[in-house]
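Everything on this sheet refers to the single structure shown next.
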Amino acid sequence: MPPVSTESAVLILAVSQLLVPLLNGLLSRRQTKHESAVDQVPLLVQSLGAVAQDVRDIKTELRVVNEHGAKLQTQDLRLRALEDWMGAARPQLHQAVNHVTVLMGERTSRQLQHAANVVAKDTGPGHP
């Protein structure tokens, strides 16, 4: 190794006097950032735990909503089937009502005829 001149030594000393505090400052800031980051880890873990719990709660609520949605679809299908059945039954019901009305009319007519015959018999000749 060649000998270091006095000027070089002074220059090296001057640079080192400037660089050492600068490097120490950088290392100190870096250390502070690392310590700050380490202090934040428990808070981050706690936040992640809370987020995970919220996600679980949301999934549970979504499951309930999906179950209700499926029940509503089933009820909707049943309602549509009932409406279809009623639509098909309505003409048959009207037809049955018409038949009953005709039959009731015939029955009423027979009852009136019978009543008229009874009255005619009771008020006929030979009856005081």
Side-chain angles (χ1 to χ4, degrees):
M1 184 168 190
V4 177
S5 68
T6 307
E7 294 169 351
S8 296
V10 169
L11 183 61
I12 291 173
L13 183 60
V15 169
S16 69
Q17 291 299 317
L18 292 173
L19 288 179
V20 168
L22 182 62
L23 287 173
N24 283 338
L26 289 173
L27 289 174
S28 175
R29 272 190 266 149
R30 187 173 183 188
Q31 179 71 22
T32 303
K33 285 182 183 179
H34 283 291
E35 288 172 359
S36 176
V38 167
D39 290 342
Q40 296 297 318
V41 168
L43 295 174
L44 290 172
V45 169
Q46 184 179 4
S47 295
L48 285 175
V51 168
Q53 183 59 46
D54 289 345
V55 167
R56 284 191 294 274
D57 292 346
I58 290 169
K59 282 183 176 180
T60 301
E61 290 172 8
L62 284 175
R63 237 180 274 117
V64 169
V65 167
N66 286 337
E67 288 171 4
H68 288 172
K71 288 178 182 177
L72 285 174
Q73 285 178 341
T74 301
Q75 292 300 325
D76 189 44
L77 289 174
R78 288 179 180 169
L79 179 61
R80 287 183 187 168
L82 180 60
E83 288 171 346
D84 290 344
W85 178 83
M86 286 173 52
R90 197 168 277 128
Q92 294 173 358
L93 179 61
H94 287 301
Q95 186 178 12
V97 167
N98 288 338
H99 288 295
V100 167
T101 302
V102 168
L103 291 174
M104 291 298 290
E106 289 178 5
R107 180 173 180 237
T108 302
S109 174
R110 280 194 306 256
Q111 287 175 339
L112 288 174
Q113 185 64 45
H114 178 69
N117 290 340
V118 168
V119 169
K121 237 195 245 182
D122 288 343
T123 57
H127 197 320

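Note that this is a predicted model, so its numbers are computed, not measured. Hydrogens, waters and symmetry mates are skipped; everything else that's a heavy atom, side chains included, is used.
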Exercise. Could you state the interatomic distance from CG (D84) to CE (M86), rounded to the nearest 0.5 Å?
Worked result: 10.5 Å
Problem set entry | Side-chain touch R63/T60, heavy atoms, less than 4.5 angstrom | yes
Exercise. Does D76 come within less than 4.0 Å of R80, counting only side-chain N to carboxylate O?
Worked result: yes
For this session: To the nearest 0.5 Å, tell me how far L82 CG sits from Q75 CD.
Result: 11.0 Å
Exercise. If you round to the nearest 0.5 Å, how far is CD of Q53 from CD1 of I58?
Worked result: 10.5 Å
Exercise. Rounded to the nearest 0.5 Å, how far apart are CG of L27 and NE2 of H34?
Worked result: 9.5 Å
Seminar exercise, completed: Note: with side-chain heavy atoms under 4.5 Å as the link, the other cluster members for V55 come out as V51
Problem set entry | Check: T32 main-chain N/O paired with S36 side-chain donor or acceptor under 3.5 Å | no
Seminar exercise, completed: All heavy atoms of A88 vs all of P91, minimum pair found to be O-CD, 3.3 Å
Problem set entry | side-chain contact (heavy atoms from CB on, under 4.5 Å) between L93 and R90, worked out | CA-CA 5 Å; L93 179 61; R90 197 168 277 128; 5.6 Å; no
Exercise. Checking side-chain contact (heavy atoms from CB on, under 4.5 Å) for the pair H114/Q111: CA distance, chi angles, key distance, verdict?
Worked result: CA-CA 5 Å; H114 178 69; Q111 287 175 339; 5.6 Å; no
Problem set entry | Gap separating the CG atom of D57 from the CD atom of E61, nearest 0.5 angstrom | 6.5 Å
Exercise. Just how far is it from atom CD of E35 to atom CG of D39, taken to the nearest 0.5 Å?
Worked result: 7.5 Å
Problem set entry | T74 side-chain N/O to A70 backbone N/O, donor-acceptor pair under 3.5 Å | yes
